[in-house]
Amino acid sequence: MSNYLTEKLLSPHEKSNKIFLELPNNIDIQYHEFNRQVNRIANYLQQIGLKPDDRIAVQTGKSWQTIALYLATVKAGGAFLPLNTAYTPHEVSYFLDNARPRLFVCDEGHAEGLQVVAKNAGSDLVTLNNDGSGEIANAASAQSDTFEAIDRSADSLAAILYTSGTTGRSKGAMLTHENLWSNAQVLADVWQFTSKDTLLHALPIFHTHGLFVATNVCLVAGASMIFQSSFSVENVIRDIKKATTMMGVPTFYTRLLDSSDFDRDLVKHMRLFVSGSAPLLSETHIQFEERTGHKILERYGMTETNMNTSNPYNGDRRAGTVGHALPGTTIRVVSADNGEELNSDEVGSIEVKGANVFKGYWEMPEKTAEEFTEDGFFITGDLGLLSKDGYLTIVGRGKDLIISGGYNIYPKEIEMVLDELDGVKESAVIGVPHPDFGEGVVAILVGDQAPSENQVQQMISNRIARFKQPKKIFVVKELPRNTMGKVQKNLLREQFEHCFSPGRVQATSTIT
Ligand code: MCA
Ligand code: AMP
């Protein structure tokens, strides 16, 4: 046995390349230098007694040291558990209580407020700052730069990523060494990544897209990354000349198209733009091609499954579709009524099977069982159709989920918080078209004494992350319900469809 994932991702074959380019202060990091830092951190983790499957929860800014910590955790036998930096201490406490990590890592600026949260979960808090300084770096600097990797097999746990749910309770998706390796290898292959590539990396690194799709693909290929701390149109335009590829959520591409500086000449040297995490509108795809001459390659994935499908690198990249099943992955579309596989072009529930699919939800065996069919397919909750030639089109979601700027927001979680507020009898949270984020969060409240938009924002600001908070709030006399008493969110979505267009219904106005 050996350490399945890191042996493959970090194997020294010809990776004399730079892994990170253009870091602050114009620092570049070579692969061999990076590997040594991974080893130092792994030695430190071993010294503090990390045991196989122990979790390391991390809520830090985007730095190459966090990537080193991810691989050190895996190499030392643990499971990496990244958390969105926008989560409030209240939200973090849920994840820590649920996962009981050995360590909780955050930056110094947040350590004081999070100390008690970590302590309550039985975790030690250590710091890691954006510039790489902090307690982890200090402890690692005293360690050896070689490390004998802890034996882990293909089926061993490598990471836990929390994904919210329709019940409002987040579930930890357990990803194995094989899940991550197989997907990274397939993607590097189908997207033709090589050590000559430089990826413009502007995604956050606490989700599948930025952490696994972007970073692992580069590691497989021995490619380089321009590691931008967050997405900004100006910084992309500044650095794209040095890149060959870019990955992003649709908001990245619509924002870039809003800038006249983003033109054909600027990106004529690029070989690939990839989009995912949310639907890319056909009109964005077409506009991008008209402006730049590049067809964005759209792919489809989930936290639980990594990537499932991709449009072809060579061949027809069809706007509005997410392409074919990736090699080693099987996609089928079944009837929501009886589970039978549908014919091509019939809309049904999308199910997936393959080495990319996770091994279950952390400590939730019943939930895991519910989401798999008897023959081992994962039920994605997405609705779609397969064309005769195998292109998948996602037409909607069977699950009550909002995707805003690539972040998933489960209405139930927000409704539970709103329903507790004084003056709110009940609430419904919906997603409606938003010009920048694709979908924007809207809350509809019932209650004669319902709080105003400002009051709501103040009341919930330390409960839920800013990006999940409703951007508009309306008060109604009652929610529309069907004969079974279920709230008819489709009617609410129709009613408030245009509320993010200028000159439409005023927020917090009472609709009768
Ligand atoms: C920021 N805000 C948002 C979002 N992001 N509101 C709704 N949706 C968002 N996505 C809010 C902030 O709270 C703030 O509110 C205001 O917008 C500006 O914040 P700022 O930090 O300046 O925002 P930004 O830098 O412009 O960020 C927008 C962004 C970012 C660049 C689109 O959200 C982003 O990087 N998204 C990528 C998400 C991602 O990586 N998803 C992959 C998940 P206020 O001003 O009121 O305080 S993995 C996945 O989905 C699967 C597996 C897959 O297939 O990839
Ligand atoms: P998450 O598990 O939070 O990363 O979100 C996964 C969900 O994002 C999927 O179930 C889809 O609903 C959605 N998604 C990801 N990629 C795409 C895409 N290219 N087009 C449409 N929806 C997507």
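In each ligand, atom 1 is the first atom listed, and ligand 1 is the first ligand listed. For clarity, every value in this text was computed on a predicted model and none was experimentally measured.
A donor-acceptor contact closer than 3.5 angstrom links the side chains of His201 and Lys62. Side-chain atoms of Asn462 and Thr88 include no donor-acceptor pair closer than 3.5 Å.
Only the backbone of Ala278 comes within 4.0 Å of ligand 2, judged by heavy-atom distances. Counting heavy atoms under 4.0 Å from ligand 1, residue Phe467 touches it through both backbone and side chain. At a heavy-atom cutoff of 4.0 Å, ligand 2 is contacted by the side chain of Ile403 but not by its backbone. If you look at Val322 next to ligand 2, the close heavy atoms, those under 4.0 Å, all belong to the side chain. With a heavy-atom cut-off of 4.0 Å, Arg255 touches ligand 1 through its side chain alone.
In terms of N/O distances under 3.5 Å, ligand 1 is not approached by His207. Checking only distances, Thr208 never comes within under 3.5 Å of ligand 1, N or O to N or O. Polar contact check, Ser404 against ligand 1: a nitrogen or oxygen pair lies under 3.5 Å apart.
Contact annotation: Ile394 has at least one heavy atom less than 4.0 Å from an atom of ligand 2. Ligand 2 lies within reach of Lys399, whose nearest heavy atom is under 4.0 Å from it. Residue contact annotation: His207 has no non-hydrogen atom under 4.0 Å from ligand 2.
Atoms of ligand 1 found under 4.0 Å from any heavy atom of Gly405, numbered from 1 in the order shown, are 10 (N), 32 (C), 33 (O), 36 (N), 37 (C), 38 (C). Here is the list of ligand 1 atoms found below 4.0 Å of a heavy atom in Phe252: 31 (C), 35 (O). The atoms of ligand 1 that sit less than 4.0 Å from any heavy atom of Phe231 are 31 (C). Remark: ligand 1 atoms within the under-4.0 Å shell around heavy atoms of Met302 are 52 (C). Close approach of ligand 1 to Thr303 is summarised as follows: ligand atoms under 4.0 Å from at least one heavy atom of the residue are 52 (C). Remark: ligand 1 atoms within the under-4.0 Å shell around heavy atoms of His209 are 42 (C), 48 (S), 55 (O). Close approach of ligand 1 to Gly301 (heavy-atom distance below 4.0 Å) involves ligand atoms 54 (O). Distances below 4.0 Å separate heavy atoms of Leu203 from the following atoms of ligand 1: 40 (O).
Checking atom 26 (O) of ligand 1 against the protein gives a heavy-atom contact under 4.0 Å.
Under the 4.0 Å criterion applied to side-chain N and carboxylate O atoms, Lys412 and Glu415 are not assigned as salt-bridge partners.
Contact between Asn179 and Ala355 at its shortest, heavy atoms only, is ND2-O, 2.8 Å.
Heavy-atom neighbours of Glu370 CD from other residues, nucleotides or ligands within 6.0 Å: above the threshold of 12. Heavy atoms from other residues, nucleotides or ligands lying under 6.0 Å from NE2 of His110 number 12 at most.
Stacking of Lys472 on the aromatic ring of Phe496 is not recorded, the 6.0 Å distance cut-off and the 45° axial limit not both being met.
Nearest to atom 12 (O) of ligand 2 by heavy-atom distance, out of Ile409, Leu383, Thr305, Asp382, is Asp382.
Scanning all protein heavy atoms for the shortest distance to atom 1 (C) of ligand 1 gives Phe437 CZ, 4.2 Å.
Below 30°, between 30° and 60°, or above 60°: for Trp64 and Phe20 the angle between ring planes is between 30° and 60°, a tilted geometry. Between Tyr87 and Phe467, the angle of the ring planes lies from 30° to 60°, which puts this pair in the tilted group.
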